[in-house]
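Beneath this line is the structure, given in C-alpha cells, with notes to follow.
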Amino acid sequence: MSFYQKIRDHIQREEMVSRATVVHAPDGTNIGAEMLVYPDGITDGSLGNATLDAETIKNAVSLMQHTGSKTFPITTDLGDFEVFVDVFPPPPTLLVFGAVHIAIPLVKMAKELGFRVKVIDGREKFLTKERFPEADELIFAWPDEAVEQLKIDSNTYIVILSHDEKFDEPALQSTLPSQARYIGAIGSRTTVAKRVDRLKKLGLTEEQISKIHGPVGIEIGAKEPAEIAVSILAEIIGVKYGVVK
C-alpha cells in the first residue's frame with residue numbers, strides 16, 4: 001500500500017499522521033525519500049540514515065502538537081539535509097460542558113472553524129437539537145459519566161460553562177488529568193481562586209490545575225454571549241497554533 005493510501009486511510013479513521021520528505025540532501029541521492037511518523041513516535045519507512053530518521057521523528061512529534069507543516073534543517077555525519085514534515089490531523093474536537101446560553105453561539109462558530117463539537121449536560125431540557133442544531137453530538141450525562149465514553153487527546157479542546165460548581169468541578173476533576181490541548185472554565189477571578197482551592201482539596205496537582213484557562217477567553221471586554229464565544233474561540237485558536245500558552 002502506498003503512503004498516499006495509508007494517509008487517506010488514517011484521515012478516514014480520524015487518526016493523526018505526518019509525512020516526512022527529504023527535500024534537500026548533500027549529494028542529492030536521498031531527495032524524495034519519505035516516511036510516515038505517528039504521534040507516539042512510531043514510523044513507517046525510513047529516510048535512509050539513522051540520525052536523519054531520529055531527528056525527523058523528534059521534529060515531527062513536536063510539530064504534531066500544533067499541526068501544520070514545516071521544513072527542518074538537519075545535520076548528520078553525511079552533511080546537511082532539509083526535511084519537509086506535513087501533518088494530517090483529524091478535525092479538532094471541542095467538548096462543551098454546560099448547555100448554557102453562551103454555548104449556543106460558541107457551538108455555531110466552532111463548527112464554522114472546522115471543529116467537531118459535542119455538548120454535554122445533565123439537564124435534558126437544555127440539551128436539545130433546537131438549541132444546538134450544529135452540534136455533532138449531544139451527550140446527556142454528568143461530566144464524569146461523559147468522560148468515560150469520550151476520547152480525549154491532544155487534539156481535544158474543552159470549555160466548561162455551566163456556572164455551577166456541582167457540574168463544573170466534576171468536569172474539571174475528570175478532564176484535567178487528560179491530554180486535552182485546552183481546558184477553559186468560565187467564572188470571575190474570585191470564582192477562579194475559590195475553585196483552585198477546592199480542586200486542591202480534591203487532590204488535583206498544581207501542574208494539573210495550571211492547565212485551566214480561567215477566566216476563560218481572551219480579554220476583549222466581551223459582554224454578550226456571542227462576544228464571549230468569540231473571546232473563547234480566539235484563545236483556543238491561539239493555543240492551537242502555539243501563540244497562547
Side-chain angles (χ1 to χ4, degrees), residues 65-66 92-107 109-110 115 117-127 138-245:
Q65 296 298 310
H66 303 291
T93 297
L94 176 64
L95 303 180
V96 180
F97 287 86
V100 298
H101 198 45
I102 293 170
I104 296 172
L106 179 66
V107 170
M109 294 179 195
F115 285 83
V117 185
K118 302 180 182 184
V119 184
I120 302 100
D121 205 308
R123 302 164 298 179
E124 196 168 13
K125 67 178 180 179
F126 296 113
L127 197 70
L138 301 177
I139 301 174
F140 173 51
W142 293 101
D144 50 346
E145 299 169 340
V147 169
E148 289 180 0
Q149 58 182 288
L150 291 167
K151 177 186 176 184
I152 300 178
D153 57 22
S154 61
N155 204 31
T156 304
Y157 301 77
I158 296 170
V159 179
I160 299 168
L161 297 174
S162 76
H163 268 306
D164 183 346
E165 65 185 59
K166 296 191 297 296
F167 191 85
D168 286 359
E169 287 177 16
L172 287 165
Q173 193 174 10
S174 301
T175 59
L176 282 173
S178 74
Q179 296 180 343
R181 179 82 59 86
Y182 172 94
I183 299 176
I186 202 165
S188 66
R189 296 191 185 282
T190 300
T191 299
V192 168
K194 292 178 179 178
R195 178 190 291 146
V196 167
D197 288 338
R198 288 193 296 268
L199 291 173
K200 287 179 180 177
K201 290 175 182 176
L202 289 170
L204 289 159
T205 66
E206 293 275 3
E207 182 180 3
Q208 290 170 336
I209 293 171
S210 69
K211 292 168 63 176
I212 303 171
H213 290 262
V216 70
I218 288 176
E219 181 52 60
I220 57 173
K223 303 295 183 186
E224 300 299 322
E227 294 172 344
I228 296 170
V230 168
S231 76
I232 293 170
L233 286 169
E235 187 169 59
I236 286 173
I237 293 167
V239 169
K240 180 181 178 183
Y241 293 110
V243 176
V244 175
K245 300 300 182 183

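Counting from 1, the numbers follow the sequence of the chain as shown. Only heavy atoms go into these numbers, but all of them, side chains included; no hydrogens, no water, no symmetry mates.
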Can you list everything that forms a side chain to side chain donor-acceptor pair (under 3.5 Å) with Ser174? Sequence neighbours excluded, please. none
Would you check if Pro215 and Arg189 make a side-chain contact, meaning some heavy-atom pair closer than 4.5 Å? yes
What verdict does the side-chain contact (heavy atoms from CB on, under 4.5 Å) test give for Arg198 and Lys201, after you've listed the backbone C-alpha separation in whole Å, the side-chain angles of each residue and the deciding distance to 0.1 Å? CA-CA 5 Å; Arg198 288 193 296 268; Lys201 290 175 182 176; 5.6 Å; no
Only one of Ile152, Leu95, Ile158 forms a side chain to side chain contact (heavy atoms under 4.5 Å, CB included) with Val147, so which one is it? Ile152
Quick one: closest heavy-atom pair of Lys245 and His213, and the distance? O-CE1, 3.0 Å
When rounded to the nearest 0.5 angstrom, what distance separates CZ in Phe115 from CG in Leu106? 9.5 Å
Which heavy-atom pair separates Ala110 from Leu233 by the least distance, and what is that distance? N-CD1, 3.8 Å
Using a cut-off of 6.0 Å, state whether more than 12 heavy atoms not belonging to Gln149 lie near its atom CD. yes
Enter the distance from Leu199:CG to Glu206:CD here, rounded to the nearest 0.5 Å. 11.0 Å
Just do the side-chain contact (heavy atoms from CB on, under 4.5 Å) check on Glu227 and Val230 with the steps written out, would you? CA-CA 5 Å; Glu227 294 172 344; Val230 168; 5.6 Å; no
Between atom CG of Leu138 and atom CG of Leu127, what is the distance when rounded to the nearest 0.5 Å? 4.5 Å
List for me each residue that meets side chain to side chain donor-acceptor pair (under 3.5 Å) alongside Gln173, sequence neighbours excluded, and say none if there are none. none
Donor-acceptor contact below 3.5 Å, side chain Glu148 vs main chain Leu150: no
Nearest 0.5 angstrom please: Leu172 CG to Ile212 CD1, how far? 4.5 Å
Roughly how far, to the nearest 0.5 Å, is CD1 of Ile160 from CG of Leu176? 7.0 Å
Looking only at heavy atoms, the pair that brings Ile102 and Ile228 closest together is CD1-CD1, 3.9 Å
Rounded to the nearest 0.5 Å, how far does CZ of Arg195 lie from CD1 of Ile186? 9.0 Å
Ile236 versus Leu94, closest heavy-atom pair with distance: CD1-CD1, 3.9 Å
For the residue pair Ser162 and Val100, what are the closest heavy atoms and their distance? CA-CG1, 4.0 Å
Can you pull the side-chain hydrogen bond (donor to acceptor under 3.5 Å, both in side chains) pairs that have at least one residue in residues 175-185, sequence neighbours excluded? Tyr157-Arg181, Tyr182-Glu235
Minimum heavy-atom separation for Pro170 and Pro143, please, with both atom names. C-CB, 3.9 Å
